[in-house]
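Contents: one structure, followed by commentary.
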Amino acid sequence: MALSGYILRLFVVKPQEEFLIFVDARGSIVAEEQHCFTRWSLYNNTDQQLAAVQFDPSNRIFYISTTREKVISRYELIGWSEGLRLKDHIVTDNIEKVTSIIVDSVNERLYWSDASLNTISTSRLDGSQRRILFTSDLVAPSNLLLDPECRYIYWTSSGTDSSTIERAFVNGTSREKAVNESDNGSFVLAIAGQTLYRIKTLNGVLRQYNLSQPFLTRASDKDLKYSSLQNATSAIKIDSFLCWSAGSRTDCAALNEKTVYVVNIPDAPPSSQLLYHTTENELLGKTLERCFRNFFIQGNVSAKLLL
């Protein structure tokens, strides 16, 4: 008599793609693969100083603005090892100094801030249907961020005596001061989940706000202060860690009630902007520590069950 049975195979799979994207000291856009620590130079044009960079992973498109050409261009991601290829210039007039770009993939809209014209504008992803959202009461707007759940855009406006954080719906309505407080100096912002992170670059103070309420409230009465946050230029949230670039270093800090510490990521060049891109597989399994060089972050892995 033949015995019947089955074979059980369990595969633990890392995310298909996981890249930390930054602008290095030479003005190149670099992507670092976070599992084998391989770096790819995606864009290398030393004649053009980059003003703002954003990545749309759904369409595999980079949006780039340079200070010399004063345009916003689309570049296709041919491959992480192959780099970028110019697709077209989508914004070519009435543009001076782009400080930040964000992509709303759901509504297929592009947003950008111009610190010279003191405007925040929007268009379709191909540059059509362009219009100015805000022109009044703006001083050097920057740090555009998208809250995809509540459909808000956030930005900072820096005056001579104070800086503010404002927000509005993605269609430009209901503009308001997001935080009912002003402060001198400049800010760097990051959004992850239901939290807005505000870095005051003058003294390196990090403040957290709760986005789940109609009005922003402090997520904690206690501010965090790291010396390496001074002069920060960009920040992103990766899992339970906040990462930022400042000067010639990139740091990450664990932000939870039990652990607050800072670890430097070595060999990270000066960066004016940090981007993070990952594609997760469908089935989530147990957790696995993945390494950002000598620095470990807790994250998900995937598991497949084949019978």
Side-chain angles (χ1 to χ4, degrees), residues 15-92 95 97-105 110-115 125-127 142-146 188-190 231-238 243-252 265-279 292-293:
Q16 295 175 348
E17 293 182 337
E18 187 178 15
F19 288 90
L20 185 67
I21 304 168
F22 51 85
V23 180
D24 68 12
R26 299 182 300 273
S28 301
I29 301 176
V30 179
E32 181 173 282
E33 208 283 325
Q34 294 304 300
H35 295 296
C36 61
F37 313 133
T38 302
R39 283 184 179 177
W40 308 106
S41 180
L42 304 180
Y43 173 96
N44 186 13
N45 188 348
T46 56
D47 295 332
Q48 300 290 335
Q49 183 178 358
L50 295 175
V53 178
Q54 191 54 258
F55 178 49
D56 177 11
S58 60
N59 296 302
R60 314 289 281 183
I61 293 291
F62 275 83
Y63 292 86
I64 297 175
S65 178
T66 64
T67 57
R68 177 175 294 185
E69 290 186 345
K70 297 182 180 180
V71 299
I72 298 178
S73 306
R74 291 192 297 184
Y75 285 79
E76 296 177 301
L77 176 63
I78 306 305
W80 296 108
S81 60
E82 292 83 0
L84 307 182
R85 179 176 61 195
L86 177 64
K87 180 179 176 66
D88 51 12
H89 304 296
I90 60 171
V91 180
T92 58
I95 184 172
K97 185 180 179 181
V98 176
T99 51
S100 56
I101 300 172
I102 56 173
V103 175
D104 181 0
S105 299
L110 188 73
Y111 299 84
W112 67 92
S113 57
D114 192 311
L125 295 181
D126 61 0
S142 186
N143 289 294
L144 272 175
L145 289 176
L146 174 67
V188 169
L189 305 180
N231 302 316
T233 57
S234 181
I236 54 174
K237 187 77 168 9
I238 302 176
C243 298
W244 63 87
S245 60
S248 60
R249 57 187 291 170
T250 299
D251 292 310
C252 289
I265 301 179
D267 303 325
S271 172
S272 60
Q273 190 164 359
L274 290 171
L275 301 173
Y276 176 67
H277 166 63
T278 182
T279 55
F292 277 69
R293 297 192 173 272

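These values consider heavy atoms only, across backbone and side chains, with no hydrogens, waters or symmetry-generated copies.
Ser41 places no side-chain N or O within donor-acceptor distance of the main-chain N or O of Val30, the cut-off being under 3.5 Å.
In this structure, the separation between CG on Leu86 and CD1 on Ile64 is 9.0 Å, given to the nearest 0.5 Å. With values rounded to the nearest 0.5 angstrom, Arg39 atom CZ is found 9.0 Å from Leu20 atom CG. Between Leu84 atom CG and Arg60 atom CZ the span is 11.0 Å, to the nearest 0.5 Å. Atom CD1 of Ile101 sits about 11.5 Å away from atom CZ of Phe62, to the nearest 0.5 Å. Between atom CG of residue Leu110 and atom CD of residue Gln54 there is a gap of 9.0 Å, rounded to the nearest 0.5 Å. Atom CH2 of Trp112 is separated from atom CG of Leu144 by 10.5 Å, given to the nearest 0.5 angstrom.
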Practice prompt. Test side-chain contact (heavy atoms from CB on, under 4.5 Å) on Ile21 and Ile29 and set out the steps.
Written response: CA-CA 7 Å; Ile21 304 168; Ile29 301 176; 3.9 Å; yes
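Using modelled atom types and a 3.5 Å distance limit, the side chains of Ser142 and Ser113 yield no donor-acceptor pair.
Taking the six-membered ring where tryptophan is involved, the planes of Phe19 and Trp80 are essentially parallel, since the angle between them stays under 30° and well short of 60°.
Closest of all the heavy-atom pairs between Ser28 and Asn44 is OG-OD1, 2.9 Å. Considering every non-hydrogen atom in both Ala235 and Val188, the closest pair reads N-CG1, 3.8 Å.
The shortest side-chain heavy-atom distance between Gln49 and Thr66 does not fall under the 4.5 Å cut-off. With a 4.5 Å cut-off on side-chain heavy atoms, Thr233 and Ser245 count as touching.
Screening Val53, Val98, Ile102, Leu125 against Tyr63 for a side-chain contact (heavy atoms from CB on, under 4.5 Å) leaves a single residue, Leu125. Of the residues Leu42, Val103, Leu77, the one that meets the side-chain contact (heavy atoms from CB on, under 4.5 Å) test with Phe55 is Leu77.
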